[in-house]
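All values below were derived from every heavy atom in this structure, side-chain atoms included, with hydrogens, water molecules and symmetry-related copies excluded. Protein chains get the first letters and strands the later ones, always in sequence-line order, with residue 1 at the start of each. Note that the coordinates shown come from a computational prediction; the quantities given were computed from them, not determined experimentally.
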Number of protein chains: 2
Amino acid sequence: MADETTYKDKKVITIGIVSELTGLSERQIRYYEERKLIFPERTPGGSRKYSFADVELLMEIANKIEDGVQTHEIRKEMIRAQNNLNKEVKRKMIQGQLNAQFGIRNGPFSK
Amino acid sequence: MADETTYKDKKVITIGIVSELTGLSERQIRYYEERKLIFPERTPGGSRKYSFADVELLMEIANKIEDGVQTHEIRKEMIRAQNNLNKEVKRKMIQGQLNAQFGIRNGPFSK
DNA sequence: TAAATATGTTAGATAATCTAACGCAAATTT
DNA sequence: AAATTTGCGTTAGATTATCTAACATATTTA
């Protein structure tokens, strides 16, 4: 139950297929990587490998680009979203600690 | 709701990656295709493309081969399983027809 | 024993991907 | 307004990945 690596997150798709799936050119896909919006893995030989999650992300990126949002701005949004997720996780971890220690359910300081 | 093509069934993985995922050699994977156990799609250029479902199937095949079952036998098993599925589908379709026509729920001839 | 099975290996051809660089219009910043 | 950045297209040459076909071979199976 620790390895929740589902199909969606396995990096197994080459750039040509990703291009087909997203409608983006390979140039565009590589460029978005250069702008740190996406992070494929590599084969030993150096070919890029993407996940279905990456494909979805690329389509979101494509939408924003169409709306005139710059990669730089998209990147900031993504970092913001990531930070919020991290905060969530930390909050839950602390909650878990308290639960483990004191079995607190809903005290006056919980939220 | 007619297109229930999930990630699991999308043919997007090249043979090299499939080889990695399954531990089978590319030779073996192509051979099982020759024996009609698996049916990849092709890129316009002719490269094979597999799905995660294919990967799973290949691992089952590998297990049977290890157990000394021949491809010829495995193929018969698969056809049998497929036929059973078809029978199931037909049964349900007929049931659906009857339901639509007469609203039958559970008569003396149902089962 | 003749035929079929299940691969490994090799060879040459083609397809797919890679990096790096040049160019350029449009948008943004200074 | 001038300078810079953005978001690509395109090209070139190199490397990686995949393809088919054929030969070899040990092990079953008919």
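Over its full length, the helix from C:dT1-D:dA30 to C:dT30-D:dA1 turns its helical axis through 30°, comparing axes from the five pairs at each end and rounding to 10°.
Spacing between atom CD of A:Glu33 and atom P of C:dT17 amounts to 14 Å, rounded to whole angstrom units. Note: CZ (B:Arg42) to P (C:dT14) measures 16 Å, nearest angstrom. B:Glu26 places its CD atom 8 Å from the C1' atom of D:dA17, with the value rounded to the nearest Å. Between B:Ile17 atom CD1 and D:dT16 atom P there is a gap of 15 Å when expressed in whole angstrom units. One can place NZ of B:Lys49 at 14 Å from C1' of C:dA15, the figure rounded to the nearest angstrom.
Comparing C:dA16, D:dT6, D:dC19 by their closest approach to the side chain of B:Arg30 singles out D:dC19. Minimum atom distance to the side chain of B:Tyr31 is reached by C:dT5, of the listed C:dT17, C:dT5, D:dT10. Distance from the side chain of A:Gln28 is smallest to D:dC8 among D:dC19, D:dC8, C:dT7.
Within a 6.0 Å radius of NZ in B:Lys10, other residues, nucleotides and ligands contribute 12 heavy atoms or fewer.
Of the side-chain N and O atoms in B:Thr43, one or more sit less than 4.0 angstrom from OP1 or OP2 of C:dA16. Taking only side-chain nitrogens and oxygens, B:Arg27 never comes nearer than 4.0 Å to OP1 or OP2 of C:dT10. Put simply, B:Ser25 has no side-chain N or O that comes within less than 4.0 Å of OP1 or OP2 on C:dT7. OP1 or OP2 of C:dT7 sits under 4.0 Å from a side-chain N or O of B:Tyr32.
Taking for each of A:Arg48 and A:Gly68 the nucleotide of DNA chain C with the nearest heavy atom, the 5'-most of the two is the partner of A:Arg48. Nearest-nucleotide positions on DNA chain D for A:Arg35 and A:Thr14 put A:Arg35 closer to the 5' end. Take the nearest nucleotide of DNA chain C for A:Gly45 and for A:Gln70: the residue whose nucleotide is more 5' is A:Gly45. When the nearest nucleotides of DNA chain D are assigned to A:Ser47 and A:His72 by heavy-atom distance, the more 5′-ward of the two goes with A:His72.
Counting heavy atoms from C-beta outward, B:Gln70 and B:Ile65 have side chains that stay 4.5 Å or more apart. A:Arg48 is listed as a side-chain neighbour of A:Arg42, based on a closest heavy-atom distance under 4.5 Å.
In this structure, B:Lys11 contributes its side chain and B:Phe39 its backbone to a donor-acceptor pair below 3.5 Å. Looking at B:Asn86, its side chain never comes within 3.5 Å of a backbone N or O of B:Asn83 through a donor-acceptor pair.
B:Glu26 pairs by the side-chain contact (heavy atoms from CB on, under 4.5 Å) definition with B:Ile15, B:Ser19, B:Arg30, not counting sequence neighbours.
Distance check, rounded to the nearest 0.5 Å: CD of B:Glu77 to CD of B:Glu60 gives 10.0 Å.
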